[in-house]
There are 2 protein chains.
Amino acid sequence: MDYEQILKERNLSLTSVRLAVLEALEQHPHSEAGVLFKIVHKKIKTTSKQAIYNNLNMMVEHGIIREIKPKGQPSLYETKVGDNHHHIVCRSCQKVMDTDCHSLAPCLSPKISHGFVIDEAEVTFWGTCPSCQKSKGDKNEQH
Amino acid sequence: MDYEQILKERNLSLTSVRLAVLEALEQHPHSEAGVLFKIVHKKIKTTSKQAIYNNLNMMVEHGIIREIKPKGQPSLYETKVGDNHHHIVCRSCQKVMDTDCHSLAPCLSPKISHGFVIDEAEVTFWGTCPSCQKSKGDKNEQH
DNA sequence: GCAATAAAATTGATTGACTCAATATTTTTA
DNA sequence: TAAAAATATTGAGTCAATCAATTTTATTGC
Ligand SMILES: [Mn+2]
Ligand SMILES: [Mn+2]
Ligand SMILES: [Zn+2]
Ligand SMILES: [Zn+2]
């Protein structure tokens, strides 16, 4: 994806750190700031964690990237935006996977809205991933 | 609700702090630990924040209470458990409201499960509450 | 291109939610 | 009611994230 273009369209400065964060995010979806810092740091030795945080926050505000925050994990980021997709999180290893909605504009109608004007439905599925299912099986066998 | 009974059934010690936390939670659903500490502290002057955290965590593990963690807020707790209800959060004032599911076992089937065994679907609706809609209107009128 | 200006990056301190671990107190058991 | 187990208190510590001052980099206008 042409992030230079996306940034220019919004009159955002084109900086090395910003582009490196987007590249890292594209290759490692659902990453936290610390992980992104490590990846960017390989390329740009002088970068700082603060720069990563600043850029992530700024790009979230501009809708260029998305932030999710599953319980028990720091904020995770991804470049997949505007498609209202949902997430599956493993209770044992915290792995996060994408899953689409059943319908196009799906869950935007709660049963009782309390007068709220709803603009987003965030769905997190919790469960056990395939590899954790296996290791749990192994553990049980040893009993 | 008879929390003494609930605790006894699970062979959990019956302590003053624990009961006070449950009582506070029942009267103030979706409260964070700090708020609960203040409420409990009025009754039990010697209590500590750590005791609140310990009890909250322990009771969450036992399924006596539920923890939710909307993005941008500390963990919130409630005694309403086992009904798979969802939440509506106001983007401006962070108010949290309950909303039921449309069906009884609703969202437990994502479109693509990636082999995960799903046990819970957590749904958070984001929007603007009635009073924030009004104050936003007021603001706009002044432009 | 180059100076002026604006935006972003760096650095170090700071916050806030939450946890850890040692000791003291309370609750349960028998 | 004494012994054992569970919980509470206290103080230190962790970690993600933010704030703010200064320096560096990017953009704008010439
Ligand atoms: Mn995703
Ligand atoms: Mn609720
Ligand atoms: Zn897993
Ligand atoms: Zn509101």
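The chains referred to below are lettered A, B, ... by the order of the sequence lines, with proteins before strands, and numbering in each begins at 1.
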### Message
On a heavy-atom basis, which atom in B:Gln133 and which in B:Thr128 lie closest, and how many Å separate them?
### Response
NE2-O, 2.9 Å
### Query
Do the ring planes of B:His114 and B:Phe116 sit parallel (below 30°), tilted (30 to 60°) or perpendicular (above 60°)?
perpendicular
### Task
Search all heavy atoms of B:Glu26 against all heavy atoms of B:Tyr3 and return the closest pair with its distance.
OE1-CE1, 3.1 Å
### Query
When the ring planes of A:His85 and A:His87 are compared, do they come out parallel, tilted or perpendicular, using 30° and 60° as the limits?
perpendicular
### Query
First contact, last contact: which nucleotides of DNA chain C are these for chain B, 5' to 3', heavy-atom distance under 4.0 Å?
C:dA17 to C:dT28
### Query
How long is the span from the OG atom in A:Ser16 to the NZ atom in A:Lys43, to the nearest 0.5 Å?
9.5 Å
### Task
Assign a letter to each nucleotide of nucleotides 4-18 of chain D from its 5' end: B, base within under 4.0 Å of a protein heavy atom; S, sugar-phosphate only; -, no contact.
--SSSBBB----SBB
## Note on the structure
Of all heavy-atom pairs linking A:Ala33 and A:Ile52, the shortest is O-CG2, 3.9 Å
#### Entry: End axis versus end axis in the helix from C:dG1-D:dC30 to C:dA30-D:dT1, the angle rounded to 10°, five pairs used at each terminus
40°
### Query
Would the A:His28 and A:His30 ring centres measure less than 6.0 Å apart?
no
### Summary
Between B:Arg10 and B:His62, the two heavy atoms sitting closest are NH1-O, 2.7 Å
### Task
Specify the closest pair of heavy atoms between B:Gly127 and A:Asp119, including all atoms of both residues, with the distance to one decimal.
CA-OD2, 3.5 Å
### Shortest non-hydrogen contact from A:Lys80 toward A:Asp98
CD-OD2, 3.5 Å
